[in-house]
Structures are given as structure tokens and as C-alpha cells.
Amino acid sequence: MSEPQFFPIATSLSYGEVAAISGAALPEGVEPTRLVTGAAALEAAGPDDIAYMDNPKYTDALAGTSAGLCLVSSRFAARVPAGTVALVSPAPYHAFARIMARFYPDALKPRSVFGSQGVAPGAFVHATARIEDNVTIDPGAVVGPGAEIGAGSVVASHAVIGPQVRIGRDCAIGAGSTLQSALVGNRVIIHPGVRIGQDGFGFAMSPKGHMKVPQIGRVIIQDDVEIGANSCIDRGASRDTVIGEGTKIDNLVQIGHNCVIGRHCVIVSQVGIAGSTTLEDFVVLGGQVGLAGHLTVGMGAQVAAQSGVAGDIPRGARYGGYPAQPALSWARETALLKSLVAKRGKSSGGSES
């Protein structure tokens, strides 16, 4: 069996170009025309590769790297081995990301899984749908009546774009995803298996049974949002569910009806947000955080992984635990509990009985 190359490099870069893109200065005496032809992790990089390092856990890997170039912060520059050129940057990871985008542009968002251009044979596009120029629609994809798709967008195989849905320009709609009752901005990335605009979980409950409440709102997704694989965003009940500009959502996230997610939020995998909750701008939720409904998480707040949030969180606060509380209080409680358990163990001679 041959070994495929899923992301072939698009171009080589000179050391001078790398320095310009990263905003770092080449050390004196380094030849600026020398070429970099790849990027790799510290331990795998060779003389023609660039790597980066900005975490003390990888100091041993840095000391042993064979990379030709390495982006590092100033505190690690002295640890770069003699055979590797150190490019000192205040933000090595950001600089490395810019270089990677030049090397591997096809890895930035889902592409056609069929290698097609235009509307492929086997795609199902309704006669009343409006498709701008330079749109790719793969075999098996469905575009419903009255839907509109902007120039430069890609709809991969078996994605379903429902009636009247609007998709902006330069978007990527991953294979097997479904969009209904949704307005999507420009440069939005939707990974495979995402579900957008399905019913919110709304029932009028009673001892005699639960009556379904029609969900007649929409999902509004603003520009530059990215939504990870198999995440679900429910449409609003009588208001809209909104995902703000630049927000990044990991895989397997559930966002309930009527939620408003601010700009540039980060929501990590397996988060569940109940209906009508608001995240203000730049909120960060760690993995497996659960939020009750009708809450507000203030601008810039951060919530630690696996926390359970039952009340509002102030702007800029750091919360953690179950139930979630200010991080310092959570840390003190955890330390106190550990101390009490240790004392109990000593007083009972180590016995659990």
C-alpha cells in the first residue's frame, strides 16, 4: 500500500521570506536565499524544515531538533542547537501559523471531496436556487429551493442546504452537514456532520404529557465563524440563535435555541449550552462545560473544563468547578478538602473504615 500525501506543500519559502512573514529578524550572517521546503514538529524536522517551540515541556525536543529554522520566544533562544537558526518572535505559535498557511493553504478549510469544480454531475440543485460564480457543489449535495450561495464557496458531498438558506462568499460547507433556517456570513467554515437550524428543544410540559412548541426562529452565523465536526446549533423558538463574528466552535458542541454567542468566543469540545443563554464577546469555555439556560456570561470570562454553570458570570471572571464558582475559591475548596481527607486518614491510621 502506498503512503498518500494528504496535504502537499504549495510552495517553498526563502529564509528571508519566512522572516518577513513571521515578523522576526534573521540573525547576522544567515543566508536569506536559503530555502525552507516544509514544516514539522521539533523531533521530526530536518535541515530543510521549519519548527517552532514556546512551551517549557519541549525543551529537550528543542535541544535535539535538526530543524533548519526554529521560531522561538526570547526565553528559549539560547537553547536552540548550533545547527538550527533561531528566529526570535514574541508569538512563535502565531508566526508558525502564518508560515503554515502559506505552505498548506488546502488545510485551512474543507475542500471538495470529489476534486470537482462548479456544480458536479450528481449534485441536486433546485431550479430556483441562486448560485454565484466560482461555487463548487460536490456530487450528492442538495441545494433546496430559493437557497443562495455566494461566490467562492464549496459545498461538499451529501451536504444539505435547505430552502431559502443564505450562504455568503468563500465559505466551506463540510461533507454530510445540514443547514436549514440559517443565514450564514462570509468566510464561514462548517466542518463535516454539523447540524444547523434544526428544531430547538421546546416543549410545554405537563403531567398529561409534553406539547411540542413550534420553533420559528433562525440561526444567524456572522463572518469568519468556524464550527467543528458534528456540532449542533438549534434555531430559535421565537427569536434568533446568533453566533458572533470570529467565534470558533470545536467538535461535538450543542448550542440550544435562542442562544446569543458573542464575537470571538472560543467553545471547546463537548460543551452544552442550554437555551436563551448569552455569551458576551471573547468568552472562553473549556471542554465539557455545561451551562444552564437563561444565563449571561460576561465579556472575556473564562470557564474551566468540566465546570457546571448555574448562574451568571461577571465580565472578565475566571470560574471553575461544579457548581462553577470563582477560580480562587474553587482552588481553595479543593485544597481544603484534600487537607481534610489527609488529616482524616492520619487520625484513623490510614484505615478507610
Side-chain angles (χ1 to χ4, degrees), residues 7 10-11 97-98 100-197 217-229 231 233 235 240-250 255 260-267 281:
F7 297 106
T11 185
R98 290 195 291 272
M100 291 285 283
R102 290 286 295 272
F103 278 156
Y104 306 105
D106 284 350
L108 288 171
K109 59 184 180 180
R111 304 281 178 171
S112 166
V113 298
F114 198 67
S116 57
Q117 292 183 332
V119 180
F124 299 91
V125 179
H126 196 275
T128 62
R130 181 173 175 269
I131 310 298
E132 290 190 344
D133 294 339
N134 195 31
V135 170
T136 294
I137 304 177
D138 272 354
V142 175
V143 181
E148 298 182 4
I149 302 176
S153 292
V154 174
V155 180
S157 292
H158 298 289
V160 176
I161 311 302
Q164 305 299 328
V165 166
R166 302 291 189 263
I167 296 173
R169 293 174 176 166
D170 296 313
C171 293
I173 312 300
S177 54
T178 59
L179 287 76
Q180 53 188 310
S181 304
L183 308 180
V184 178
N186 299 320
R187 300 176 302 279
V188 171
I189 298 173
I190 295 173
H191 287 276
V194 166
R195 304 287 180 246
I196 294 173
R218 307 170 298 179
V219 175
I220 311 295
I221 299 176
Q222 296 178 357
D223 294 348
D224 299 305
V225 168
E226 183 161 351
I227 303 171
S231 288
I233 303 174
R235 69 176 181 264
D240 293 332
T241 301
V242 179
I243 310 297
E245 174 188 356
T247 282
K248 311 303 180 187
I249 299 171
D250 199 356
I255 297 176
V260 176
I261 309 300
R263 299 176 304 120
H264 304 291
C265 294
V266 174
I267 303 175
D281 298 346

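- For the pairing with Arg111, the side chain to side chain contact (heavy atoms under 4.5 Å, CB included) check across Val154, Thr136, Asp106 returns one residue only, Asp106.
- To the nearest 0.5 Å, atoms NZ (Lys109) and CD1 (Ile173) are separated by 10.0 Å.
- In terms of modelled atom types and a separation under 3.5 Å, the side chain of Arg166 and the main chain of Gln164 share a donor-acceptor contact.
- A donor-acceptor pair under 3.5 Å is formed between the side chain of Asp281 and the backbone N or O of Arg263.
- A heavy-atom distance below 4.5 Å is found between the side chains of Ile227 and Ile221.
- Residues His264 and Asp224 fail the side-chain proximity criterion, which asks for heavy atoms closer than 4.5 Å.
- The OG atom of Ser231 sits 9.5 Å away from the NE2 atom of His191 when rounded to the nearest 0.5 Å.
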Go through it in stages, so that I can follow the logic: the residues are Glu132 and Glu148, the test is side-chain contact (heavy atoms from CB on, under 4.5 Å), and I'd like the CA-CA distance, side-chain angles, deciding distance and then a yes or no. CA-CA 8 Å; Glu132 290 190 344; Glu148 298 182 4; over 6 Å; no
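- Once rounded to the nearest 0.5 Å, the distance linking CZ of Arg195 with CD1 of Ile233 reads 12.5 Å.
- For the atom pair OG1 of Thr241 and CD1 of Ile196, the computed distance is 11.0 Å after rounding to the nearest 0.5 Å.
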Under the side-chain contact (heavy atoms from CB on, under 4.5 Å) rule, what do Ile137 and Ile161 come out as? Steps first, then yes or no, please. CA-CA 11 Å; Ile137 304 177; Ile161 311 302; over 6 Å; no
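- The number of heavy atoms from other shown groups lying within 6.0 Å of CZ (Phe103) is above 12.
- With a 6.0 Å radius and a threshold of 12 heavy atoms from other residues, nucleotides or ligands, Arg98 has its CZ atom above the threshold.
- Side chain of Ser177 to backbone of Val194: no donor-acceptor contact under 3.5 angstrom is found.
- Using a cutoff of 4.0 Å between basic side-chain nitrogens and carboxylate oxygens, Asp170 and Arg187 are not scored as salt-bridged.
- Rounding to the nearest 0.5 Å places CD1 of Ile249 at 6.5 Å from CD1 of Ile261.
- A donor-acceptor contact shorter than 3.5 Å links the side chain of Ser157 to the backbone of Pro139.
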